[in-house]
Amino acid sequence: MSKFWSEAVKRSSPYVPGEQMNVSNLIKLNTNENPYPPSQQVKEAIQSEIDTNLQLYPSPTVDDLREELATTYQLNKNQVFVGNGSDEVLAFSFMAFFDPGRIIRFPAVSYSFYPVYAKLFDIPYEKVALNRDFTLPVEKFFQSDGGVIFPNPNAPTSIYLDLQAIREILDNNPDCVVIVDEAYIDFASASAVSLINTYENLLVIQTFSKSRSLAGLRVGFALGNKQLIEGLNRIKDSFNSYTIDRLAIAGAKAALKDTTYFDYTITKIKQTREWVTSEMKKRGFCVLPSSANFIFVTHYNEAAEDLYKWFKENGILIRYFQSPGIDNYLRITIGTDEQMRTFFEKLDYILEKKNSKEASANN
């Protein structure tokens with residue numbers, strides 16, 4: 001600790017992202033990236049921007065992309081905010097809508113960036129324990145003093161909360177902002193975006209990183225009433241007006257327009273998810289009902305940490321959380337069919353090896 005650190009630095013507990021290893025032939029199933037590349041239209045749009053406009057500053061208001069998003073989600077442009085990845089949008093939202101001295105609520109098992117932001121911005125928080133089946137106890141989010149935030153589907157549990165439950169949370173928090181973090185919503189069913197014109201206290205945050213194969217471009221966005229969007233813009237413009245570069249704007253616009261490719265990859269990932277879920281259950285795993293591009297699993301006889309370490313040693317990264325209540329669970333991103341077949345080959349090898357050892361020990 002340095003004597004020159006500010007109080008904000010001293011109280012911060014930085015977020016720890018999923019492992020990134022510079023290893024050839026590594027299969028990454030730990031950071032919920034899309035296993036499929038961006039569409040050809042996205043690549044062409046980015047190359048065109050490289051060839052013509054990279055010497056110029058991007059638009060600080062990102063009007064073209066905001067208009068495209070407004071069209072996609074049937075909103076007005078003034079209901080759309082764009083940021084440098086959804087994590088930046090979340091950070092701006094904590095500053096714009098949550099106050100020091102007023103306790104906010106989020107799930108105890110949830111996206112681990114929430115407590116990081118809360119500590120950084122000196123916002124008190126209450127972690128709401130999940131139900132035994134990992135679903136959200138909706139009533140415990142009612143009448144929050146400072147605000148509510150939760151992912152839907154939840155991460156890392158993968159479980160989806162239906163719109164009626166979200167309406168109940170909104171109805172019971174009329175004087176504070178409710179943020180629904182929809183990083184994985186395209187792999188689920190209905191988005192809370194449909195509620196925006198009904199609830200002035202609703203902010204929906206999404207990303208291009210998962211369903212649109214653009215994790216490397218860092219584009220996130222928020223949707224809500226124009227007063228909420230104005231608040232986000234005031235925060236952004238107090239830091240950096242140019243948060244989105246030209247390549248990101250061009251790629252994101254093209255991704256929105258190429259609906260055929262988007263629909264194809266979403267359908268493919270969902271199909272693979274169902275197959276993987278079935279195969280995991282055959283091997284003795286309990287799999288939570290997933291509405292995301294990952295599954296959350298535990299085995300009746302195998303320690304999650306041991307499996308995580310063994311897969312890592314054998315060229316496959318999955319996510320293990322050393323957190324109370326989920327320290328025997330693994331989060332596994334849905335990869336391509338080929339990647340998942342390799343995953344099962346490795347899994348079958350280790351399970352068979354362990355079973356053989358146990359059988360020998362019992363003889």
Side-chain angles (χ1 to χ4, degrees), residues 18 20 26-49 65 68-69 71-74 82 85-87 151-156 158-160 181-193 204-221 223 247-280 287-296 316-319 331-344:
Q20 303 284 350
L26 181 73
I27 296 179
K28 286 184 80 271
L29 304 178
N30 67 324
T31 51
N32 298 340
E33 295 150 320
N34 196 309
Y36 301 104
S39 77
Q40 186 61 32
Q41 290 184 30
V42 169
K43 297 175 185 177
E44 291 172 357
I46 291 173
Q47 187 60 55
S48 176
E49 199 67 23
L65 179 53
E68 196 68 43
L69 283 162
T71 299
T72 299
Y73 292 96
Q74 299 180 336
V82 177
S86 62
D87 287 336
N152 194 36
N154 195 13
S158 76
I159 296 176
Y160 173 76
D181 183 358
E182 292 189 338
Y184 304 100
I185 195 63
D186 292 322
F187 305 102
S189 49
S191 166
V193 170
V204 177
I205 296 177
Q206 294 191 18
T207 178
F208 282 78
S209 295
K210 314 300 182 182
S211 60
R212 299 188 188 274
S213 303
L214 292 178
L217 278 191
R218 312 308 303 129
V219 183
F221 57 98
L223 308 170
L247 304 187
I249 293 171
K253 283 171 55 183
L256 288 171
K257 291 178 179 178
D258 194 350
T259 57
T260 299
Y261 186 78
F262 172 77
D263 291 340
Y264 166 76
T265 57
I266 291 295
T267 299
K268 184 59 181 172
I269 290 169
K270 286 181 176 180
Q271 290 172 343
T272 304
R273 181 184 71 196
E274 299 313 307
W275 167 64
V276 169
T277 297
S278 175
E279 292 297 316
M280 293 296 283
V287 186
L288 299 190
S290 176
S291 294
N293 68 334
F294 60 88
I295 56 174
F296 201 53
I316 298 179
L317 289 180
I318 54 180
R319 194 76 190 265
R331 193 191 71 188
I332 303 167
T333 303
I334 301 300
T336 64
D337 287 349
E338 181 180 0
Q339 289 174 327
M340 301 316 297
R341 280 193 289 269
T342 301
F343 170 84
F344 281 121

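Scope of the values below: all heavy atoms of this structure, side chains included, with no hydrogens, waters or symmetry mates. Residue numbers count from 1 along this sequence.
Within the model, atoms OG1 of T272 and CZ of R341 stand 9.0 Å from one another, a figure rounded to the nearest 0.5 Å. Note that the CD1 atom of I266 and the CD atom of Q271 stand 11.5 Å from one another [nearest 0.5 Å]. With rounding to the nearest 0.5 Å, the separation of OG in S189 from CG in N152 is 8.0 Å. In this structure, the separation between CG on L288 and CZ on R331 is 13.0 Å, given to the nearest 0.5 Å. Remark: K210 NZ to S86 OG distance equals 7.5 Å, nearest 0.5 Å. Distance check, rounded to the nearest 0.5 Å: CD of Q41 to OG1 of T260 gives 8.0 Å.
Here the side chain of S48 pairs no donor or acceptor atom with the backbone of E44 at under 3.5 angstrom. R273 places a side-chain N or O within 3.5 Å of a backbone atom of A292 that can act as its donor or acceptor partner.
For K43, the salt bridge (Lys or Arg N to Asp or Glu O under 4.0 Å) criterion is met by no residue, not counting sequence neighbours. Every residue two or more places apart in sequence or in another chain was checked for a ring-ring contact (aromatic ring centres under 6.0 Å, His included) with Y160, and none qualifies. Among residues two or more places apart in sequence or in another chain, the side-chain contact (heavy atoms from CB on, under 4.5 Å) test is passed with T336 by P35, Y36, E338, Q339. Applying the ring-ring contact (aromatic ring centres under 6.0 Å, His included) criterion to F344, with sequence neighbours excluded, gives W275. For Q47, the side chain to side chain donor-acceptor pair (under 3.5 Å) partners at least two apart in sequence or on another chain are D51. Qualifying side chain to side chain donor-acceptor pair (under 3.5 Å) partners for S213, counting only residues two or more places apart in sequence or in other chains: N34. Shown here are the side chain to side chain donor-acceptor pair (under 3.5 Å) partners of S211, two or more places apart in sequence or in another chain: D186. In this structure, the salt bridge (Lys or Arg N to Asp or Glu O under 4.0 Å) partners of E49, at least two apart in sequence or on a different chain, are R246. Residues passing the salt bridge (Lys or Arg N to Asp or Glu O under 4.0 Å) test with D337 are K268, sequence neighbours excluded. In this structure F221 satisfies the ring-ring contact (aromatic ring centres under 6.0 Å, His included) test together with Y73, F208, sequence neighbours excluded. In this structure, the side chain to side chain donor-acceptor pair (under 3.5 Å) partners of T333, at least two apart in sequence or on a different chain, are N32.
Contact check for L214 versus V219: no side-chain heavy atoms found under the 4.5 Å cut-off. Counting heavy atoms from C-beta outward, I318 and F343 have side chains that approach closer than 4.5 Å. Residues I185 and V204 are not in side-chain contact: their nearest non-hydrogen atoms beyond the backbone lie 4.5 Å or more apart. Counting only heavy atoms from C-beta outward, the side chains of Q206 and V193 approach each other to under 4.5 Å.
R319 and T31 share no side-chain donor-acceptor pair at under 3.5 Å.
Between F187 and F294, the distance from one ring center to the other does not fall under 6.0 angstrom.
Environment of CD in E274: crowded, with over 12 heavy atoms of neighbouring residues, nucleotides or ligands closer than 6.0 Å.
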For residues 250-259, which side-chain donor-acceptor pairs fall under 3.5 Å, sequence neighbours excluded?
unit_1: D258; atom_1: OD1; unit_2: Y261; atom_2: N; d: 3.3
unit_1: D258; atom_1: OD2; unit_2: S39; atom_2: OG; d: 3.0

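Nearest heavy atom pair, residue E33 against residue A215, reads CG-CB, 4.4 Å. The shortest heavy-atom contact between I269 and I334 is O-CG2, 3.8 Å. Residues R218 and S209 approach most closely at NH1-OG, 3.1 Å, considering heavy atoms.
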